[in-house]
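One structure below.
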Amino acid sequence: MPPIQILPSDLINQIAAGEVVERPASVVKELVENAIDAGASSIDLILENGGRKRIELRDDGCGMTADDALLAIQRHATSKLTSFEDLIRVRTLGFRGEALPSIASVSRFSMVTYDGRSEHAIEIEHDPMTATTTDRPAARDRGTTVSVRELFENVPARRKFLKSADAEFRSIIAVVTSYALASPHRSFRVEHNGRCVLDLPAAASLRDRVIAVLGDEIAPLLAEIGSEHEGIVVRGFVTRGVRFGSRRNQFFFVNGRLVKDRVLTHAANRASEAFDSDGFPALALFVDLEPERVDVNVHPAKTEVRFRDSGAIHVLVEHAVKRGLGGAEEGSALLGGAASDILAESSPALVAAGAYTGGEQSLDGLAHQRSFIPPAPQSPPLSWHPAATPLFRDRTALVQPPREQPTLTEPDAPPDLGDLRGRVIGQYRMSYILLDTPGGLRLVDQHVAHERVLYDRFFASTAGTAVDSQRLLTPHLVQTGAAEGAALESHLDELRLVGFEIERFSGNAFAVAAIPSQLLRHDVEAFFRKLLDASLDERTPHLHRLREKVCASLACQAAIKVHRQLGGEEMASLVAQLLDSSNPFACPHGRPIIVDIRHLDIEKHFHRK
């Protein structure tokens, strides 16, 4: 084994960069936090190629003197800590003194800063190839400008793991809009490839900033949440009556710090699961407590925290979110012994009315109570009764009855899953097409089958063939949030390829003048919602390119829906088109189209085998 030695400082910085700087969004996060700690009221961000080529952040904060600026790019140099006692009561977003030296070690780094009192500003440049630093006098108003170019240029192994420019850009927008929520009195502006993609002026209130970030359409659906107990304050806003396909519109902050915390996420999920709705509500949740009661020094990127009393935080957050969604009684019951105190502060009328009874019930048992939710109304019986449709015996049809009668015994080999031949014998629950096949009974989901057919058609149209569009009598306005607007802007070229005429109208609104002929006008909003869900949710591995996202979302919205009665010819035509598709067994989102029930299994259920 080689002898133990102390590593050189440039290698130490690159190792630290591996923990702190994972991608361009990590750089932006650290720089935005520094700007906020410096007291900036205006933060401007300039990006090129999704931050891979250039990240430049300008603020009007307090700035630094020349001596402080030179120390700032040294490891563990900070003005935010002086003793261990400061570490256990951190009140700033940054405190380790690792961000700037880590960023400088993996990029072409420069910084211009002025404190408003010195004779002039100072400009510092760092070359990662030679690990040399130069400085010279400069001119600028009070504040700091940090420029990061060619990220990971000297670490090719890290650079090749970066995602596409579009994916990195969306991650950066998510970081900026998150901190914009926590700082409504600050203005944020983002420019990407020479075009302004995000402009959030200072807001009068947190509610105004939440509406600016999430979109004007959620304004009437926002409900304020708030609760306080023993020095822990939970506040924020949640949407009632609207859900999203992912948690991308859920933001959690602890003492102003953006975090990803399992306790907070689980508490919010428990609260929303009490209501019979699919999806996730939009949520901006702020937890304020004494710094001594939370440890922020548990993750290199400071994205995780550890609460001293996580159980109390969980119960208080669940109670607050549930009250915001409309379930005060059950939320209070979950608090157990602390419920009477909190209800006495927030809803004394409920205590007087005996809404809380206490007791020794477990949290799990109480979590399943649903006494305050009225029972769901029973669906009226369907007036249509499914019946077998005529068989199609046209020899020219692609879907025909089998030439030989199926045997009553199990075939020697299972039927080829690539063989869709069979007789259409009916429709089940106006949602599934039934086929009699040599191997047994086959069910085809009519919605996802049509979705697959349309997806192939739309995707082929983007290759250059003409697309049928229908012009709207009046343009349709699509309102988006700040992050959604930036994502939609990157999709405009792909949307035009599939038949849309769309332009940015003003702010985060887009005007749609024409839509594909297969899409109905009242489906436009739902289409864009699904497209943005797929674009902003990076956990969707089956959608890698913009064109696939657009075509998949458009096909899903334009396809025939479940609970729609189809005629025999319609079902035969749909199955025939499915047979010619690129993948008859899965829709573009990965859901199965076909389910087979073996004839032998059917006979076993009837005790014939």
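FYI, the numbering just counts along the sequence from 1.
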Hey, could you give me the [atom1]/[atom2] distance between [X] and [Y], rounded to the nearest 0.5 Å?
| X | Y | atom1 | atom2 | value |
| --- | --- | --- | --- | --- |
| I55 | F109 | CD1 | CZ | 11.5 Å |
| D261 | H314 | CG | NE2 | 10.0 Å |
| H120 | I122 | NE2 | CD1 | 8.0 Å |
| F252 | S178 | CZ | OG | 11.5 Å |
| L151 | R54 | CG | CZ | 14.5 Å |
| F188 | I173 | CZ | CD1 | 12.0 Å |

Polar side-chain atom of [X] near backbone of [Y] as donor-acceptor pair, under 3.5 Å:
| X | Y | value |
| --- | --- | --- |
| S310 | F307 | no |
| N154 | S105 | yes |
| R209 | S183 | yes |
| R189 | D44 | no |
| D60 | S41 | yes |
| R142 | G63 | no |
| D68 | L71 | no |
| R308 | R293 | no |
| D127 | M129 | yes |
| S187 | L200 | no |

Residue pair [X] / [Y], side-chain heavy-atom distance below 4.5 Å:
| X | Y | answer |
| --- | --- | --- |
| V512 | F500 | yes |
| V254 | F286 | no |
| L477 | F510 | no |
| F169 | V197 | yes |
| K160 | F152 | no |
| S110 | H126 | no |
| L488 | L495 | yes |
| N255 | L289 | yes |

Please assess F528 against I502 for the test side chain to side chain contact (heavy atoms under 4.5 Å, CB included), listing each intermediate value before the final yes or no. CA-CA 12 Å; F528 281 104; I502 179 172; 3.8 Å; yes
Residues [X], [Y]: salt bridge by 4.0 Å N-O rule:
| X | Y | result |
| --- | --- | --- |
| K322 | E318 | yes |
| R140 | E123 | no |
| R58 | E56 | yes |
| D288 | R235 | yes |
| R496 | E501 | no |

If you take all heavy atoms of [X] and [Y], which pair is closest and at what distance?
| X | Y | answer |
| --- | --- | --- |
| L221 | E217 | CD1-O, 4.2 Å |
| G324 | V238 | C-CG1, 3.9 Å |
| Y179 | G256 | CE2-O, 4.3 Å |
| S205 | P184 | O-CB, 3.9 Å |
| A138 | V112 | CB-CG1, 4.1 Å |
| Q74 | P101 | O-CG, 3.7 Å |

What verdict does the side chain to side chain contact (heavy atoms under 4.5 Å, CB included) test give for I103 and L31, after you've listed the backbone C-alpha separation in whole Å, the side-chain angles of each residue and the deciding distance to 0.1 Å? CA-CA 10 Å; I103 295 170; L31 297 182; 4.2 Å; yes
Return yes if a side-chain donor-acceptor contact under 3.5 Å exists between S42 and R186, otherwise no.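 On atom types as modelled, these side chains do not qualify, holding no pair under 3.5 Å.
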Under a 3.5 Å threshold, yes or no: a donor from one side chain and an acceptor from the other, between R23 and S171? yes
Is it the case that more than 12 heavy atoms not belonging to R306 sit under 6.0 Å from its CZ atom? no
Can D59 and V146 be said to form a side chain to side chain contact (heavy atoms under 4.5 Å, CB included), step by step? CA-CA 9 Å; D59 69 59; V146 177; over 6 Å; no
Evaluate the criterion side chain to side chain contact (heavy atoms under 4.5 Å, CB included) for residue pair R247 and L283; output intermediate values, then yes/no. CA-CA 9 Å; R247 296 187 181 91; L283 174 66; over 6 Å; no
Among L316, I225, N269, which one satisfies side-chain contact (heavy atoms from CB on, under 4.5 Å) with V321?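 When L316, I225, N269 are each tested with V321, the side-chain contact (heavy atoms from CB on, under 4.5 Å) holds only for I225.
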If the test is salt bridge (Lys or Arg N to Asp or Glu O under 4.0 Å), which one of E153, E48, E168, E150 qualifies with K53? E150
